[in-house]
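One structure is given below, encoded as structure tokens.
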2 protein chains.
Amino acid sequence: MLTKSEENYIKEIYALEQINTEGVSTNLIAQKIETKASSVTDMLKKLAKKELINYQKYKGVKLNAEGKKIALSVVRKHRLWETFLVNKLNFSWDEVHDIAEQLEHIQSEKLTNQLDAFLNFPKVDPHGDPIPDVNGEFIAIKTVCLNELEVGEKGVFVEVKNDSEKFLKFLTKNNITIGSEIKVIDKEVFDDSYTIEIGEKQFNISESVIKNIYLKR
Amino acid sequence: MLTKSEENYIKEIYALEQINTEGVSTNLIAQKIETKASSVTDMLKKLAKKELINYQKYKGVKLNAEGKKIALSVVRKHRLWETFLVNKLNFSWDEVHDIAEQLEHIQSEKLTNQLDAFLNFPKVDPHGDPIPDVNGEFIAIKTVCLNELEVGEKGVFVEVKNDSEKFLKFLTKNNITIGSEIKVIDKEVFDDSYTIEIGEKQFNISESVIKNIYLKR
DNA sequence: ATATTTTTTTAGACTTGACTAAAAATAAGT
DNA sequence: ACTTATTTTTAGTCAAGTCTAAAAAAATAT
Ligand SMILES: [Mn+2]
Ligand SMILES: [Mn+2]
Ligand SMILES: [Mn+2]
Ligand SMILES: [Mn+2]
């Protein structure tokens, strides 16, 4: 039985591994979890002793099979709860992340699986993120970041890689929602901003917006 | 923002106040929360400093208005979640208490209120306990304990005062469920057990069962 | 190759919520 | 009223998870 804190570290290491394959650094974890590097080191020792990670001093960290299993279970719960909040309790996609951060630590396999069934075994959450099934398996649809599209190319917005309320509210305000067809009209070399077209409207978005939008070509 | 532990103490003090009006003792809290009296004293000091209770050394403790408000909010969440688990996720009444013990600490007023609406503002939980509304108000239906009935008298089982899995499974096994009409056939003076009748069947139940069954006359 | 900067770990301290053992206050018994 | 038993509080300790400051290791620059 892991503590909330241990689960949060495991989940964060898993998320970082998806990007930085080959070992996650102490500082990176500290930054994401908003804690100090020394606290991370303490926790890594603890997780290593519990045999959930492979950790060698100064060499970064990787989840082992057991750690990965736990990470996927927490991610599964997080995304199922987000789906529940949006689909059943009328929350909007920008309101659910912080509540799911709490709900993902509720311990009851039966609860998770009954919730999954109640929601009709959803494959993605309100942000387009895939939901692992009871065995930790999920469908990885092939997506590309908006910054990989050429001028003139278009794609369908299917996944957002930033669940913060501020960012999602910004997208909603500009009618950038999951399912929107986005066309790249122009790229500004000066600041890496793009002019995009959604429906009839054209407008400019900054690099920090662009890099969190993922599409199906 | 209270910790899980603080909320649990507040909730327990509230529950004990309903029985022992006029001040709850340190030892009683310790027994119910399954901790030591010295730990209770520590927490009472903390809650007193946060101005949630009236506490004088050696004199027992009472919730003040703010403490009562918090207690009712936790109780509301506990009972709404139990109702959700039974009505929406197909749990039985004996499986929900421990999960609700976790869910009652989730912090989000909107979540609680949306859940309430989703469940159609239920008035009682699966154990017949009243659910406080958004203002902390609830309908206190007048119930009597089974041990107050005379031989020959009958009543409808509407509330159970013990949420433990073992006890509830015992009731289910013997077909004693909320809504059952129970008639007292005989009282055994030797061990305070009763012979009761439900439907066609008559059988004997012990004092520890009797005292947790509440009825509408 | 050596010096400097950055990253990571260690050492020591703090907070929360628990514990044991001992002291103090209250309650009960004669 | 005085002794004994019970209840409650205090004093001191511990584990988890965090922090700051300092030391050690690794990476980078000259
Ligand atoms: Mn999220
Ligand atoms: Mn999400
Ligand atoms: Mn309960
Ligand atoms: Mn209940």
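Naming: A, B, ... by sequence-line order, numbering from 1 per chain. Keep in mind that the numbers below use all heavy atoms, side chains included, and drop hydrogens, waters and symmetry copies. The structure displayed is predicted, hence computed values, not measured ones.
In terms of phosphate contacts, A:Y58 brings no side-chain nitrogen or oxygen within less than 4.0 Å of OP1 or OP2 of C:dT6. Here B:Y9 reaches the OP1 or OP2 of C:dA18: one of its side-chain N or O atoms lies under 4.0 Å away. Not one side-chain nitrogen or oxygen of B:T35 sits closer than 4.0 Å to the OP1 or OP2 atom of C:dA18. In this structure, B:K45 reaches the D:dT10 phosphate: one of its side-chain N or O atoms is under 4.0 Å from OP1 or OP2.
We find that NZ of B:K57 is positioned 9 Å from C1' of C:dA24, with the value rounded to whole Å. Taking atom CE of B:M1 as the reference point, atom P of C:dT15 lies 21 Å away to the nearest angstrom. Per the geometry, NZ belonging to B:K36 stands 14 Å off P belonging to D:dT7, to the nearest Å. Note: CG (A:N20) to P (C:dT7) measures 14 Å, nearest angstrom. Atom C1' of nucleotide C:dT15 and atom NZ of B:K49 are separated by 11 Å, given to the nearest angstrom. In this structure, B:L47 atom CG and C:dT16 atom C1' are separated by 13 Å, rounded to whole Å. Spacing between atom CG of B:L44 and atom P of C:dA18 amounts to 12 Å, rounded to whole angstrom units. Atom CE in A:M43 sits roughly 11 Å away from atom P in D:dC19 (whole-Å rounding).
Using a 4.0 Å heavy-atom cutoff across all strands shown, B:K4 reaches no nucleic acid atom at all.
Not a single donor-acceptor pair under 3.5 Å links the side chain of A:Y9 to the backbone N or O of A:L44. Between the side chain of B:T21 and the main chain of B:E17, no donor-acceptor pair closer than 3.5 Å is present.
Nearest-nucleotide assignment on DNA chain C puts the 5′-proximal partner with B:D42, out of B:D42 and B:K59.
Classification of A:K169 and A:E165 as a salt-bridged pair holds, one side-chain N sitting under 4.0 Å from a carboxylate O.
Annotation: side chain to side chain donor-acceptor pair (under 3.5 Å) contacts involving residues 51-76 of chain A, sequence neighbours excluded, comprise A:R76-A:N113, A:R76-A:D116.
The stretch residues 21-33 of chain B touches DNA chain D through B:S25, B:T26, B:N27, each having a heavy atom under 4.0 angstrom from the strand.
Under 3.5 Å, the side chains of A:D191 and A:S193 contain a donor-acceptor pair of N or O atoms.
Among the nucleotides C:dT8, C:dA18, D:dT10, the one closest to any side-chain atom of B:T41 is D:dT10.
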Name each donor-acceptor pair under 3.5 Å that joins a side chain in residues 128-142 of chain A to protein atoms two or more places apart or in another chain, with its distance.
from   : atom 1 : to     : atom 2 : distance (Å)
A:D133 : OD1    : A:N135 : N      : 2.8
A:D133 : OD1    : A:G136 : N      : 3.1
A:D133 : OD1    : A:E137 : N      : 3.0

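The cationic group of A:K110 lies under 6.0 Å from the six-membered ring centre of B:F91 and within 45° of the ring axis, placing it in a cation-pi geometry.
Side-chain to base pairing of B:S38 with D:dT8: no donor and acceptor N or O lie closer than 3.5 Å to each other. Judged by atom type and distance alone, B:S5 does not reach the base of C:dT16 through any side-chain donor-acceptor pair under 3.5 Å.
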